[in-house]
Structure formats: structure tokens, C-alpha cells
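All values reported here derive from a predicted model rather than from experimental measurement.
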Amino acid sequence: MAGEPLISIIDDDQAMRSALVRLIRSLGYVARGFASAEEFIEAGVMPGCSCVVTDVQMPGMSGIHLTRLIAERQSQVPVILITARTEPGIEERAIASGAVAFFRKPLDTTAFIECLEMVMSA
């Protein structure tokens, strides 16, 4: 597994995080889950990530804030934001933060996989 592309899943919902990790691993990728943006940052895996999938709303740092932080560090890691939130403007804020894609929960699995495959082949 060393040297293989890593996809990091960041979601405070353990069931969602586990489901995404399983899905991504079933596609043949290496996936690692984190319960918070802070846990992800502290793990020091950002330089080795090929993609980050993060929830928008989490305790502590939000997914949008994390996406901005990744961009500020001049990282080229693509970020896919997901959320169950429905307030107006959230998709626009997500994309403006630098995310390459935005999905609402429950995820359209087919569209999510297509997006992930596109990001990973870029």
C-alpha cells in the first residue's frame, strides 16, 4: 500500500465515514477515515493525499474551512464536499472555497463514484 494514492474521508458521522471508506476501498483505492478536520491535519497525511472527501458541517473546523486551508497551503489536492444541510447558498460557498465537487446526503452513489474516478484519473 505504501506509495499508493490515498483518499482521506473526513466526517464526524462514524457510519457515513465507514461506509465511504468501504466504498472507496471496493473501487481499489486506499482510503483512510478521520472523525474531524483537526484529526486529519494532525495525522500529517495531507502531502500524501490524492483526494479529500469531507463533510461540510462538523464540530470544530468545517469542511469549507478545511478546503480553504488546503488551498492556502497551495496544495493541489482536490476536495469533494458532502453535506446533509439544505440552507440556501451552501453549494455556492462550497465551490467558492475551492472544492472540485459538492454532493448532498444521501449521496447519489453513481454520480459520486463517477466524480471520484474523474478526479483520480486527472
(request) Mind running side-chain contact (heavy atoms from CB on, under 4.5 Å) on Ile82 and Leu107 for me, showing each step along the way? (result) CA-CA 8 Å; Ile82 59 175; Leu107 291 179; 3.7 Å; yes
(request) Group every Ile, Leu, Val, Met, Phe, Trp and Tyr by side-chain heavy-atom contacts under 4.5 Å, then state whether Val56 and Phe40 land in the same group. (result) yes
(request) Can you tell me which residue pairs pass the side chain to side chain donor-acceptor pair (under 3.5 Å) test with a partner in residues 68-83, sequence neighbours excluded? (result) none
(request) Of all the heavy-atom pairs spanning Pro47 and Gly44, show the shortest one and how long it is. (result) CD-O, 3.6 Å
(request) Could you go through the side-chain contact (heavy atoms from CB on, under 4.5 Å) check for Lys105 and Asp11 one step at a time? (result) CA-CA 12 Å; Lys105 296 176 186 177; Asp11 198 318; 2.9 Å; yes
(request) Supply the atom-to-atom distance Phe102 CZ to Thr67 OG1, rounded to the nearest 0.5 angstrom. (result) 11.0 Å
(message) So, taking the atom named OG1 in Thr54 and the one named CE in Met61, what distance separates them when rounded to the nearest 0.5 Å?
(response) 10.0 Å
(message) For residues Val77 and Leu6: do they belong to one hydrophobic cluster (side chain heavy atoms under 4.5 Å, members Ile, Leu, Val, Met, Phe, Trp, Tyr)?
(response) yes
(request) Report yes if some heavy atom in the side chain of Arg17 is under 4.5 Å from a heavy atom in the side chain of Ile10; otherwise report no. (result) no
(request) Following the transitive rule for hydrophobic clusters with a side-chain heavy-atom cut-off under 4.5 Å over Ile, Leu, Val, Met, Phe, Trp and Tyr, establish whether Leu66 and Val100 coincide in one cluster. (result) no
(request) Verify, without hydrogens or angle tests, whether Arg104 (side chain) and Arg85 (backbone) share a donor-acceptor contact under 3.5 angstrom. (result) yes
(message) To check you understand the geometry: which heavy-atom pair defines the closest contact between Arg25 and Ala31, and what is its length?
(response) NH2-O, 2.7 Å
(request) Using modelled atom types only, decide if a donor and an acceptor are shared between the side chain of Asp55 and the backbone of Met58 within a distance under 3.5 Å. (result) no
(message) Would you say Ile80 ends up clustered with Ile41 if hydrophobic residues are merged whenever their side chains have heavy atoms under 4.5 Å apart, either directly or through other cluster members?
(response) no
(message) With a 3.5 Å distance limit and no angle check, can you tell me whether Glu38 reaches the backbone of Gly60 through a side-chain donor-acceptor pair?
(response) no
(message) Checking Thr109 against Leu23 for the side-chain contact (heavy atoms from CB on, under 4.5 Å) test, could you report, in this order, the C-alpha distance in whole Å, the side-chain angles of both residues, the deciding distance, and whether it holds?
(response) CA-CA 9 Å; Thr109 307; Leu23 172 66; 4.1 Å; yes
(request) Check whether Met16 and Ile7 end up in the same hydrophobic cluster, where Ile, Leu, Val, Met, Phe, Trp and Tyr are linked by side-chain heavy atoms less than 4.5 Å apart. (result) yes
(request) Write down the atom of Gln57, the atom of Asp12, and the distance for their closest heavy-atom approach. (result) O-OD1, 3.5 Å
(message) For Leu81 versus Ala99, what's the shortest heavy-atom pair and its separation?
(response) CD1-CB, 3.6 Å
(request) Any chance you could lay out the side-chain contact (heavy atoms from CB on, under 4.5 Å) test for Ser8 and Val53, step after step, and finish with the verdict? (result) CA-CA 6 Å; Ser8 293; Val53 178; over 6 Å; no
(request) Spell out, as yes or no, whether a donor-acceptor pair under 3.5 Å connects the side chain of Ser18 to the backbone of Ala15. (result) no
(request) Heavy atoms only: give me the nearest Val119-Cys51 pair and the separation to one decimal. (result) CG1-SG, 4.0 Å
(request) Give, for atom CG of Leu27 and atom CG of Leu116, the distance between the pair rounded to the nearest 0.5 Å. (result) 6.5 Å
(message) So which atom in Pro5 and which in Val30 form the shortest heavy-atom distance, rounded to 0.1 Å?
(response) O-CB, 3.5 Å
(request) Output all residues satisfying side-chain hydrogen bond (donor to acceptor under 3.5 Å, both in side chains) with Glu117, sequence neighbours left out; order by chain, then residue number. (result) Tyr29
(message) Could you walk me through whether Arg32 and Glu39 satisfy the salt bridge (Lys or Arg N to Asp or Glu O under 4.0 Å) test, starting with their C-alpha distance in whole Å, then the side-chain angles of each, then the deciding distance to 0.1 Å, before giving a yes or no?
(response) CA-CA 12 Å; Arg32 182 170 170 191; Glu39 181 182 318; over 6 Å; no
